[in-house]
Amino acid sequence: MTTLVTDIQRFSLSDGDGIRTTVFLKGCNMRCTWCHNPETISRTPELMFYRSKCIGCGKCFEVCPVGAHKLIDGEHIIDRELCKRCGKCAEACYAEALATCGKEMSVDEVMAEVRQDKAYYDNSNGGVTISGGEVLCNLEFATELAQRCKAEGISCAIETNLSFPFETIEPLIRELDQVMFDIKLFDGEAHKKHTGIPNKTLLENAYKLDKLGIPLTVRTPLIPGVTDTEENISAIAEYISGMKNLVRYELLNFNPLGESKYRGLDKENLHESARPLAEDRLAGLKACAEAKGITVKIV
Ligand code: SF4
Ligand code: SF4
């Protein structure tokens, strides 16, 4: 079995306990307006163009079979309508200004990479985290990968939006040692407006998941003007405060690093001017959540 993998990040310290290898799978069912990994949303490979690295050698113009590289008013652009995502220009680009995002990989190939750091996992209580995109859009692949990790004594976790019917995801969940999931907005209308889908399923799944006895981390990305209100954080904290297996609630400060990816994909970034929250605002939101009697961490 194969799927599109956008990245395999080794020695990650922010995707679960201990030292981890995070496997990013391509494809997502949500359309969060602030996504900081926009290259993982589509289920097809994509071409990234980092203009600042381009040395103007013209190689990509020569190798493109459909003439998608164009000079318009002296500016090098990619005609995304014409591009067939064959990757030939990225292979030819010596300056690494072009990159194909999304590599078809088998479970065996992913295992060969993640296995290399087993000693680090063992010594740090770490393991593998399957992320995305949305893991559950690649359910079969993720389940087989989690089973293979378990068989080799490697702890496995997922980062998910949890918005799929519980009966379809339960077999995967049962292979895992921890689950990290997002509750971005508690208000259903606001959730639909900013992510493209309702939050009813994920909120119900949170408590179904809790019954399985797996350690859970709930996370909210703090998006200025969208999710970073005391009302939203208090409501989420209140909702999850009854979960028996909640390890902690994480508030993820806004990450502006997606900016260069939006430019590389020629996509509009709706939160271009947003910046991380200041310390005092973070402390205020943390206190709001802690008032519900749960452990809260700013990340
Ligand atoms: S091959 Fe790379 S460096 Fe050369 S013109 Fe194309 S994008 Fe620029
Ligand atoms: S990926 Fe292929 S079709 Fe697209 S611009 Fe590059 S060479 Fe042309």
Side-chain angles (χ1 to χ4, degrees), residues 1-10 12 21-114 130-142 145 159 196 255-273:
M1 183 184 307
T2 65
T3 199
L4 280 174
V5 176
T6 58
D7 197 10
I8 297 182
Q9 221 168 67
R10 294 169 68 184
S12 166
T21 296
T22 307
V23 181
F24 293 89
L25 308 183
K26 201 155 163 36
C28 187
N29 60 324
M30 283 189 177
R31 293 293 178 268
C32 302
T33 56
W34 57 81
C35 180
H36 70 269
N37 286 324
E39 78 284 11
T40 64
I41 297 173
S42 131
R43 293 188 193 213
T44 53
E46 279 174 290
L47 184 64
M48 310 278 282
F49 182 25
Y50 299 105
R51 284 175 174 76
S52 59
K53 289 187 177 178
C54 174
I55 54 171
C57 69
K59 201 76 191 151
C60 52
F61 288 77
E62 285 171 29
V63 298
C64 179
V66 293
H69 287 269
K70 294 179 176 174
L71 262 187
I72 296 186
D73 295 333
E75 192 190 352
H76 178 175
I77 63 126
I78 296 168
D79 186 330
R80 303 260 172 196
E81 297 285 315
L82 283 182
C83 174
K84 300 286 180 238
R85 300 174 172 118
C86 68
K88 285 183 181 163
C89 59
E91 278 168 31
C93 180
Y94 171 75
E96 296 183 354
L98 294 163
T100 305
C101 182
K103 181 182 171 195
E104 201 70 44
M105 289 184 82
S106 67
V107 174
D108 279 343
E109 287 170 319
V110 174
M111 281 307 297
E113 290 224 20
V114 304
I130 314 174
S131 185
E134 172 48 49
V135 176
L136 303 178
C137 288
N138 289 281
L139 192 55
E140 273 184 66
F141 186 93
L145 182 56
E159 293 177 323
N255 178 354
L257 294 179
E259 249 178 72
S260 63
K261 296 179 180 178
Y262 279 93
R263 279 198 296 273
L265 291 166
D266 295 322
K267 281 187 179 165
E268 186 187 8
N269 179 2
L270 297 174
H271 297 270
E272 200 172 358
S273 59

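When a ligand or atom number is given, it counts from 1 through the structure's own listing order. Remember, it's a predicted structure, so these values are computed and weren't measured experimentally.
Formation of a donor-acceptor pair under 3.5 Å by the Asp73 side chain with backbone atoms of Glu75 is not found in this model.
Identified under the salt bridge (charged side-chain N to carboxylate O under 4.0 Å, His left out) test for residues 90-109, with sequence neighbours left out: Asp108-Arg148.
Within a radius of less than 2.8 Å around atom 4 (Fe) of ligand 2, the protein N, O or S atoms are Cys83 SG. Inside a sphere of radius 2.8 Å centred on atom 4 (Fe) of ligand 1, the protein N/O/S atoms present are Cys57 SG.
For Lys59, the NZ atom counts as loosely surrounded, since its 6.0 Å shell holds 12 or fewer non-hydrogen atoms of other residues, nucleotides or ligands.
In this structure, the side-chain contact (heavy atoms from CB on, under 4.5 Å) partners of His36, at least two apart in sequence or on a different chain, are Asn255.
Under the 4.0 angstrom criterion for non-hydrogen atoms, Phe49 is in contact with ligand 1.
Remark: Arg80 CZ to Arg85 CZ distance equals 8.5 Å, nearest 0.5 Å. The distance from atom CG of Leu25 to atom CG of Asp7, rounded to the nearest 0.5 Å, is 11.0 Å. With rounding to the nearest 0.5 Å, the separation of CG in Leu98 from CG in Leu47 is 5.5 Å.
In summary, of the residues considered (Glu39, Glu134, Glu46), a salt bridge (charged side-chain N to carboxylate O under 4.0 Å, His left out) with Lys26 occurs for Glu46 alone.
Using cut-offs of 30° and 60° for the angle between ring planes, the His69 and Phe61 rings count as tilted.
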Does Phe49 form a side chain to side chain contact (heavy atoms under 4.5 Å, CB included) with His76? I'd like the steps, not just the answer. CA-CA 10 Å; Phe49 182 25; His76 178 175; 3.5 Å; yes
